[in-house]
Engineer: 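Attaching a single structure in structure tokens format; questions to follow.
All residue numbers in this chain count up from 1 along the given sequence. Note that the structure is predicted; figures quoted are calculated from it, not measured.
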Amino acid sequence: MEESFYEKMEVAKPADSWDLIIDPNLKHNVLAPGWKQYLELHASGVNVDRFHCSWCWHTWQSPHVVILFHMYLDRAQRAGSVRMRVFKQLCYECGTAHLDESSMLEENIESLVDNLITSLREQCYGERGGHYRIHVASRQDNRRHRSEFCEACQEGIVHWKPSQKLLEEEAAIYTFKPAPSPSKPQAETGSGSNFCSIPWCLFWATVLLLIIYLQFSFRSSV
């Protein structure tokens, strides 16, 4: 990724020098004075990235790769710095506390660098009209995201939304029936007889039992 970043920044801002530094201790929304933040919620659809566990060699795919950037531009020195943290995922096969970084696909890296440079130009240079290649914050995914194995989730970064179907099912569970309108008379309190009430049901049951008894008595006498 570093090579792609340097090449694209050389084209975008040839008069300034920029450094890209990997910082595993970077914290979300914890910024030094003058620094800007960009959070890439990297859900890439069908082009999902792959994770590897170096302990048990288990591999798995995930579209939920979260990457945090802190950016700073020293205009006087015409030099800038970007610090990057790729949030990891826990291997749920071997049960160890080992967190492994993802192996990002080449097309995802290109989109990621383009988005980073777009954010950098907006926040550090005050430019407008940029285009983000991946608008992932509004994406929904049908696959279940296991937040207990996700480093970003454990640090309180909300980056995954369930599918619309799951949202509708949740809404249906917690939907209550509206109360009857006061303008409409209720069956219990309205005028006239209610033939479905409990007293009427007992009456008709008694009549039915009486008819059955009379029929049985008549056949016995014959």
Side-chain angles (χ1 to χ4, degrees), residues 1-2 4-5 19-55 58-73 80-105 107-124 130-167 170:
M1 176 176 171
E2 291 89 341
S4 177
F5 172 76
D19 289 326
L20 178 63
I21 302 169
I22 306 297
D23 186 354
N25 299 316
L26 214 59
K27 296 296 183 182
H28 182 234
N29 289 334
V30 180
L31 297 165
W35 285 73
K36 308 295 182 181
Q37 177 175 281
Y38 171 61
L39 183 65
E40 175 74 42
L41 308 178
H42 187 67
S44 53
V46 295
N47 297 323
V48 294
D49 296 311
R50 181 175 295 275
F51 284 79
H52 305 270
C53 177
S54 58
W55 183 263
H58 173 64
T59 63
W60 67 96
Q61 291 182 331
S62 175
H64 305 288
V65 180
V66 181
I67 305 174
L68 176 65
F69 298 97
H70 286 182
M71 307 169 291
Y72 177 77
L73 172 62
S81 179
V82 176
R83 293 185 176 273
M84 179 181 76
R85 176 185 178 183
V86 180
F87 288 91
K88 304 173 184 178
Q89 293 187 10
L90 177 69
C91 176
Y92 52 87
E93 284 292 326
C94 63
T96 65
H98 178 76
L99 287 161
D100 202 0
E101 295 182 1
S102 67
S103 299
M104 296 183 64
L105 300 178
E107 56 266 36
N108 294 339
I109 291 177
E110 292 299 314
S111 298
L112 172 64
V113 172
D114 288 342
N115 287 353
L116 169 61
I117 293 177
T118 297
S119 179
L120 187 149
R121 297 179 71 162
E122 289 178 349
Q123 298 194 69
C124 295
H131 176 67
Y132 290 86
R133 292 182 61 182
I134 305 175
H135 293 278
V136 297
S138 61
R139 289 227 181 165
Q140 294 175 339
D141 189 66
N142 291 324
R143 287 162 288 195
R144 177 174 175 262
H145 178 57
R146 305 178 69 173
S147 59
E148 67 271 23
F149 296 101
C150 176
E151 191 178 42
C153 289
Q154 296 305 311
E155 297 203 10
I157 300 176
V158 179
H159 63 95
W160 174 80
K161 291 191 290 186
S163 66
Q164 187 62 33
K165 181 178 180 181
L166 292 178
L167 291 175
E170 272 194 7

Engineer: Compare all side-chain heavy atoms of Glu155 with those of Leu68 and state whether any distance is below 4.5 angstrom.
Structural biologist: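 With C-beta onward as the side chain, the pair stays apart.
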Engineer: What distance separates Glu93 CD from Thr59 OG1, expressed to the nearest 0.5 Å?
Structural biologist: 9.5 Å
Engineer: Closest approach of Arg85 and Pro24, non-hydrogen atoms and distance?
Structural biologist: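 Scanning both residues completely, I find the closest heavy atoms to be NE-O, 3.3 Å.
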Engineer: If every non-hydrogen atom of Tyr72 is compared with every non-hydrogen atom of Gly34, which pair is closest and at what distance?
Structural biologist: CD1-O, 3.3 Å
Engineer: Can you tell me how far apart CD (Glu40) and CE (Met84) are? Round to the nearest 0.5 Å.
Structural biologist: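 Output value for this atom pair is 11.5 Å.
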Engineer: Are any non-hydrogen side-chain atoms of Phe87 and Cys153 less than 4.5 angstrom apart?
Structural biologist: no
Engineer: About how many Å separate NE2 of His70 and NE2 of His28, when rounded to the nearest 0.5 Å?
Structural biologist: 7.5 Å
Engineer: Per the side chain to side chain contact (heavy atoms under 4.5 Å, CB included) rule, which among Leu26, Asp23, Leu112 passes with Phe69?
Structural biologist: Leu112
Engineer: I'd like to check Gln123 versus Gln37 (side-chain heavy atoms, cut-off strictly below 4.5 Å). Are they in contact?
Structural biologist: no
Engineer: Are any side-chain N or O atoms of Thr118 and backbone N or O atoms of Asp114, one a donor and one an acceptor, separated by less than 3.5 Å?
Structural biologist: yes
Engineer: Do Tyr38 and Asn115 have side-chain heavy atoms sitting under 4.5 Å apart?
Structural biologist: yes
Engineer: Look up atom CG in Leu116 and atom CD1 in Ile109, then write down how far apart they are to the nearest 0.5 Å.
Structural biologist: 12.5 Å
Engineer: Can you measure from SG (Cys124) to NZ (Lys36) and round to the nearest 0.5 angstrom?
Structural biologist: 7.5 Å
Engineer: Enter the distance from Gln154:CD to Glu148:CD here, rounded to the nearest 0.5 Å.
Structural biologist: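 Reported value, rounded in 0.5 Å steps: 8.0 Å.
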